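What you see is a predicted model, and the numbers here were worked out from it, not measured in a lab. Here is how names work: the chains are called A, B, and so on, in the same order as the sequence lines, proteins then strands, and each is numbered from 1.
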Amino acid sequence: MTHAAATHHTSMGLDSRKMAFWAFIGSECLLFTSLISTYLVYKGRSVVGPSPHEILNIPFTSVSTFDLLMSSLMMVLALAAVQRGDMKWGKIWLFATALLGLVFLGGQVIEFTEFVHKGLTLQTNLFGCTFFVLTGTHGAHVTVGVLWLLTLWVRALQGKLGPGHALTVEITGLYWHFVDVVWIVIFTVVYLIQ
Amino acid sequence: MKHWITTTDHKRIGLLYFWTAFCFFLIGGLEALLIRLQLAQPNGHLVSAETYNQLFTMHGTTMVFLALMPLSASFFNYIVPLQIGARDVAFPRLNAFSYWVFLLGGLLLNASWLVGPLFQAPHLNVAPDGGWFGYANLTERQFSPGPNIDFWLLGLQILGISSLAAGFNFIVTILNMRAPGMKMLRVPAFSWMTLVTQFLVITAFPVITVGLVFLMFDRFFGTHFYVTAAGATPLLWQHLFWLFGHPEVYILILPAMGIVSEVLPTFARKPLFGYTVVVFSGVLIGFMGWGVWSHHMFSVGLGPIADSVFAGTTMLIAVPTGVKIFNWIATLWGGDIRGTTALHFAVGFIAMFIIGGLSGVTHASPPADLQQTDTYYVVAHIHYVLFGGTVLGLFAGIYYWWPKMTGRLLSEPLGKWHFWLTFLGMNLAFFPMHLIGLLGMPRRIYTYSPDLGVSALNLVSTLGAFLIAVAILVFLVNVLRTRTHGRPAPNDPWGGATLEWSIPSPPPVYNFSVIPTVANRLPRWKTEHHEPMRDPPAVPPAPIHVPDGSWWPLVAALGLPVLALAPLTHTLWLAFLGAAILLVGIYRWAFEPFDV
Amino acid sequence: MPRYRLCLLTVALAVSGCGGPFPQSTLEPRSDFGWAIDHLFTDIFWWAAGVFLVVETLLVVTLIRFRHREGRPAPRPTHGHTVMEIAWTLAPAVILVFVAVPTVRTIFATAGEAPADALKVDVIGHQWWWEFQYPELGLVTANELHLPLGRPVQLSITSADVIHSFWAPTLGGKRDAIPGRVNRIAFRADSVGDYSGQCAEFCGASHANMRLRVVVDSDSGFGRWATVQLAGPAAPAPGTLAERGKAVFARSACLGCHTIQGVSPGIIGPNLTHVGGRTTIASGLFPNDSAHLASWIADAPSLKPGSLMTRMQPPLTDADIAALVAYLASLR
C-alpha cells in the first residue's frame, strides 16, 4: 500500500485515500439503507411461518453484538498503538480485532444453522429472504474486514507495517467501525424492534 | 500495445473509454435501426417477437450503460484532470480498473447475442429481453426461464462496480487534486457537473445493486423478493429501480450540460453567465433528482396523494433546469458568436433539450401521463432528452476537445454536415413519435395493426433514424480523414479560458510542465479584473516522475466476469476461480510499489 | 374540436397523407375520464407551446444578432445579473403553478371513485389476453368488454401473472394490472361505439398481441348481450358437424384450459361459452371467421409468439379442426 499519496499536495488537506473511503462509506450507507428498508417493508408480510419471534435468539445475538463492539474497541487500541509506534501491541490488538471478528462470524454460522434447523431457510418465506440477505451481506462485509485485518497483521509480523502506515490502519479502522455501526442498526431493527 | 494494457495515464484511459464506448454506441445504433426497420410498416416481420424484445432491451441497456455513460466518462478521464490542473486522477490504477471492468461487463452483456447454442437455446441469441427497466415479476425465472435475464443482471452488476469505482475516484480527484488557488468556485463548470454526477453515481448505484441482488437471489436461489404468492410485491423492484433510474437520467444529462457550459462561453467569447447559479442549479438538480422517482409509476396506482406529491416535486425540478437554459442564452447574448461545429452542437442541445423538457412537463402531470406513459410519446420524450440532449452535448464535447485529445482538428465543413444531418434526422425520427404515441401506439411492441393509422408516421420515423445513421457515417469519415489530413492543433485552437488549453495538444504524459497557480475563474482570459495567466513552459524545468503501468487492475477486473460465469453456467468452481483471480489482483495491486 | 387538436392532426395528416381514422387516439375522448385528461393536457400543451415559442425565438434571435462579424469589438465580459436570475427562476415557477393546480384537481377527480350505481367489472390481465368478470351479473367473458352507455362503470384491474396495463385510450387513461393488487378506474362513456385498446405494459413475448375491444352499447343492447351471455351454450343439433366438434372438444386437451359452461371447467385460457358471438379471436388479433379459427387451433404459437396454447400432440386432423371450428362458431 503506497503512502506516496499522503505526501502529495491536497486541496482539502485530507488524505485522498481517506476521502475516497468516506465516499465509499457514504455509498455503502445507501446499500444498507436499501436492504434494511426492504426488510421493514416486508415485515409481517410472510404468508407462512416461522416469524421473527419464533426464531430470533436475542440473548445469543446480544453476545455477538457485544463481541463486535469489543472488536471496535480493539481496533481503536490497535490504531493508537501503531500511531505511537508501539508495533508489539499494534500486532496484538490487530490480531485481537480480527479474532473477535472471526468469533462474530462463527456466531453467525451457528445462528444460521440453528435457524435452518428450526425451519427457516432463504426460501421459506419473506422473513427468511430478507433476513438472510441482509445479515448475510453484513456478514460478507465482516469477512472482508477480517481478511483485511489479518493481512495487516501478517504484514506487521513480517515487519512491513510500521508507524509510517498509521493511515492504512486508520482506514481499516474506519471500515471496521462502519461495519460495526451497521450491525448496531441491524440488531436494533431486526432483533430488538419486532 | 503493452503500454495501453497496463496504462494508468488518465489520458490513455480516456481514449480507451472513448473508443470502446463509441463501438458500443454503434452497436446500440445498429439495434435501433433494426427496431425502426421492423416498425417501418405495420405487421412487420423482419425479426421475430423474441428477437425484437431483445433488440429494444439491448438498445436501451447499451445506450445508457455502455455508450452514453462511458462516453461522458471518457471526458471525465481526459479533461477533468487537465481542467483542474492535476497530473492525473487521485487513484490512477483504480481508474484503469474502472475501464477494464466496464469493457468486460459490456462484452459479457453483448456476448449474449452469440452464445445461444452454448445454452441449448434454439436461437443464436439469448440476449436480455425484459426491457432496460427489467420490471419484476416478468424477469422472474417462472416467466423468463432462459439465461437472457441472467446476462442482463450479471452484466449490470459488473458495470455498477465500474461506475462506483470511477465515482469515488473522481470525487476525490475534483475535491482534492485541484491546482493551488483553484477554489471550488473557480472549478470549471464541466468539472463541477462531473462532481455532481459522481455523487449521484455513488448514491444511486447501491440502490440498483440491491434490487439486482434480490433478483439474482430470486432467480438462482429461490427467494421470493418479487413473488406475489409469497406476500411480496413486484412494485419493490419498481421503487428500487426508479430510485436509481431517475438520478441516472441526471447522470446522463449533467455531463452534457457541463460540456455546453464550456463550449458556449468559448465561442461567444464571454464568460458563462451566472456561473454560480449554473453550478448551484446543477447541484440542486442532483438533490431534487432523488425526490421524483415515482413519476415513472403514475399508472401503478399509488393513490392521489402520492401522485400529487411526486407531480409537485417533478414540476419543481423544471425550475433549476429552466434557469440553466436562460443562463446559457444570456451567455450568448451580447457575445461574438463563432459558429463552429462544437457551437452548433451545443446550441442544438439547448434547442432540442427544451422540447424534451417541455414534453417532460406534460407527463409530470399524472392524469395526462396516464395517456402518455408506455407509449411512443414517452419514447419521443426520452430521445429528445438523451439524443437531443446528451448525444448532441457529447458531440459538442467531441468537436471541442478532439484537438486536445488527438492533436488534430476535425474538419469543420464535414462537421457542419454531420450536425445538420443529425439535427434533421433526429427530428424526423423522434418528432413523429409524439403523434404516434398520442394516437395510441404503445411502446415495446414488435408489431402494430395498420388500423391504428400510424403507419406513415412510423415510416417517416424510420427514415429519420437512417438519416442519423448517415450523419454518424459522415462523422466517421471526418475522424478517418482527420487522422491523415487533419490540421495539427496548437495548444489552444479556440481561445479557451480554462487550463486544458494552456498545454500542448495532445498534452505530454505529465500534463503540466509546472503545476499552475490559479488566481481566478477564467485564468487564460483577460477580463476587466485581470490579465491572462502565463502558460506553463514548453519544457519542464525539473524532471517529472511518471508512474509505471500496472497489470493488476486488469487482473482484478478479469475476476469479475469469471465470477459471473459461475451462476450463468451453474459451475461452482468458476466462482472460486473468479474470486481467486480477483483476490490475487487486489493483493498484488495493493502491495505493488507504485508512486503517483 | 379544440384548435390544438386541429393543429396536431393537420401535422399528422400532412406527413401521413391520410386522415385516420385513429381508433386508439387519446385526442378523441369518448368518456368523462377521457375528457378530464384531455382538458388538462390541452392546458399544459398551450403553456408548453408558449414557453417553446418564447425560448426558441430568444435563442434564434440571439444567435442571429450576435453572430461573429469582422471588426466587432470584444464582448463585454458580463458575469451575471441577480435581478434577471430571480426573474427567470420565478417565471417558470409561476407557470408551473398554473399547471400544478388543475393537475391536482384532476388527479382527485379521476381517482377511480365511482357512484354507488356504477357497473362493476373485474379486469384480469393474463399473458396475453384479457378476462372480464361481471360479478353482479355473474358472467365472464374475454377480450371484448361490453358496457352500457347509460351507467357509470368502475373497473377493478389486476393480473394473474406478470404486470400488464389496461388501456382503452378513447375511454381514458391506462392503469397497470399488477398481480396481488387491485387498481380502479371509473368512467362513463358518452357515446355508443366500438373502441379499441391494448396492453400498455411490456409483459413478454406477445405484449404487442394483447389487444382488447370495448363495446359501448345502448342500455337495452347491453341488456340483450348480457342475457345471451347468461344463458348456457346452445347444444349443437344432432348429426351436425358442430356436434362432432363438441365431441372432439370433450376428448382433447381443450377442456383442460377453457371453460364452456356445462361442458368443461378449465380456467387457464379464455372462457369460450359464447366465443362464437365475439368479433375477434386471439385477443383482438384476427377476425372471428372459420379460416382464422382453424389456423389458430392448428398452431397458435406460430400466429402469436409465446402463446400458451401449444400445438396439440398428437396433432388434430383437419377434419377434427373443421368440426371444432363449426362447434365454436355455434357458441353464440
Side-chain angles (χ1 to χ4, degrees), chain B residues 48-50 131 135 137-138 143 228 233-234 269-271 273-274 277 299-301 304 307-308 311-312 315 318-319 322-323 326 329 332-338 347 350-351 354 358 361-362 365-368 370-371 374 435 438-440 442 444-447 451-453 456-457 460 527-528, chain C residues 12 15-17 20-27 37 40-41 44 48 51-52 55-56 58-59 62-63 66-68 72 75 77 79-80 85 88-89 92-93 96 99-100 103-104 106-108 110-111 162-163 165 169 173-176 179-180 183 198 200-208 305:
Chain B
S48 68
E50 288 84 358
Y135 267 12
N137 53 345
L138 178 61
F143 300 108
T228 320
T233 168
R269 293 185 198 279
K270 254 182 90 229
F273 195 88
V277 178
S299 66
V300 157
D307 284 354
S308 302
M315 288 177 190
V319 173
V323 165
F326 285 120
I329 295 177
L332 293 171
W333 185 270
D336 177 23
I337 303 168
R338 285 171 297 158
V347 170
I350 302 177
I354 291 170
L358 289 172
V361 172
T362 67
S365 177
L370 293 183
Q371 291 287 34
D374 277 315
L435 295 164
L438 290 175
L439 293 176
R444 303 184 180 113
I445 56 175
Y446 75 95
T447 184
D451 301 339
L452 287 189
L457 287 166
V460 171
T527 69
E528 69 272 43
Chain C
V15 268
S16 63
F22 304 112
Q24 278 179 209
S25 171
T26 63
L27 305 174
I37 294 179
L40 182 63
F41 178 64
I44 303 174
V51 173
F52 172 81
V55 183
E56 301 279 6
L58 197 62
L59 182 64
T62 310
L63 287 171
F66 298 102
R67 68 187 183 279
H68 174 67
R72 189 197 277 276
H79 294 275
E85 297 288 355
W88 61 49
T89 308
L96 286 170
V99 174
T103 289
V104 173
T106 313
I107 290 175
F108 281 88
T110 57
V162 303
I163 301 177
S165 193
K174 62 183 74 67
R175 272 289 177 210
D176 292 354
N183 277 325
Q198 65 187 99
E201 183 64 89
F202 180 61
C203 55
S206 262
H207 167 53

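For B:Val300, the parts sitting under 4.5 Å from any heavy atom of chain C are the backbone and the side chain alike. For chain B, the nearby parts of C:Ile163 are the backbone and the side chain; heavy atoms of each come within less than 4.5 Å. Heavy atoms of C:Ala111 lying under 4.5 Å from chain B belong exclusively to its side chain. Neither the backbone nor the side chain of B:Thr233 has a heavy atom closer than 4.5 Å to any heavy atom of chain C. When heavy atoms are compared at a cutoff of 4.5 Å, B:Gln371 approaches chain C by way of both its backbone and its side chain. Both the backbone and the side chain of B:Ser299 come within contact range of chain C, each with at least one heavy atom under 4.5 Å from a heavy atom of that chain. Interface remark: B:Tyr446 contributes backbone and side-chain atoms alike to the contact with chain C (heavy atom separation under 4.5 Å). Interface remark: B:Phe273 contributes backbone and side-chain atoms alike to the contact with chain C (heavy atom separation under 4.5 Å). Contacts of B:Pro234 with chain C are made by side-chain atoms alone, with heavy-atom separations under 4.5 Å and no backbone atom involved.
Of all the listed residues (B:Ala311, B:Pro366, B:Gly131), the one sharing the greatest number of non-hydrogen pairs under 4.5 Å with chain C is B:Pro366. Ranked by heavy-atom pairs shorter than 4.5 Å toward chain C, the options B:Leu358, B:Val319, B:Leu332 are led by B:Leu358. The choice from C:Gly180, C:Pro23, C:Pro169, C:Pro179 that makes the most heavy-atom pairs within less than 4.5 Å of chain B is C:Pro179. Among B:Asn137, B:Val347, B:Ile354, the residue making the largest number of heavy-atom pairs under 4.5 Å with chain C is B:Asn137. Ranked by heavy-atom pairs shorter than 4.5 Å toward chain C, the options B:Gly312, B:Ala351, B:Gly322 are led by B:Ala351. For the set B:Ser308, B:Ser48, B:Ala318, the entry with the most heavy-atom pairs within less than 4.5 Å of chain C is B:Ser308. With respect to chain B, the highest number of heavy-atom pairs below 4.5 Å among C:Thr106, C:Leu59, C:Thr89 belongs to C:Leu59. Most heavy-atom pairs under 4.5 Å with chain C: of the set B:Asp336, B:Asp307, B:Ile350, this distinction falls to B:Asp336. Ranked by non-hydrogen atom pairs under 4.5 Å with chain B, the options C:Ala205, C:Ala93, C:Pro92 are led by C:Ala205.
In terms of heavy-atom proximity, C:Gly204 sits nearest to B:Leu138 at N-CD2, 3.6 Å. Across all non-hydrogen atoms, the minimal contact from C:Pro77 to B:Glu528 is CG-OE1, 3.2 Å. B:Pro304 and C:Phe108 make their closest contact through CB-CE2, 3.5 Å (heavy atoms, listed as atom of the first residue, atom of the second, distance). Between C:Gln24 and B:Gly440, the shortest heavy-atom contact is NE2-O, 2.8 Å. Closest heavy-atom contact between B:Ala49 and C:Pro305: CB-CG, 3.6 Å.
Side-chain contact check for B:Pro367 versus C:Thr103: some heavy-atom pair is nearer than 4.5 Å. Between C:Val55 and B:Ile329 the shortest side-chain heavy-atom distance falls below 4.5 Å. The shortest distance between side-chain heavy atoms of B:Val361 and C:Leu96 falls below 4.5 Å.
Rounding to the nearest 0.5 Å places CG of C:Leu63 at 11.0 Å from CH2 of B:Trp333. Going from atom SG of C:Cys203 over to atom OH of B:Tyr135 covers 13.5 Å, rounded to the nearest 0.5 Å. Note: B:Leu452 CG to C:Gln198 CD = 6.0 Å, rounded to the nearest 0.5 Å. We find the CG-OG1 distance between B:Leu370 and C:Thr26 to be 11.5 Å, quoted to the nearest 0.5 Å. Taken from OG1 in B:Thr362 to CD1 in C:Ile44, the straight-line distance is 7.0 Å, to the nearest 0.5 Å.
By the side chain to side chain contact (heavy atoms under 4.5 Å, CB included) test, B:Asp451 is found to be paired with B:Ser449, residues two or more places apart in sequence or in another chain being considered.
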Derivation and outcome, side-chain contact (heavy atoms from CB on, under 4.5 Å), residues B:Asp374 and C:Ser165: CA-CA 9 Å; B:Asp374 277 315; C:Ser165 193; 5.6 Å; no
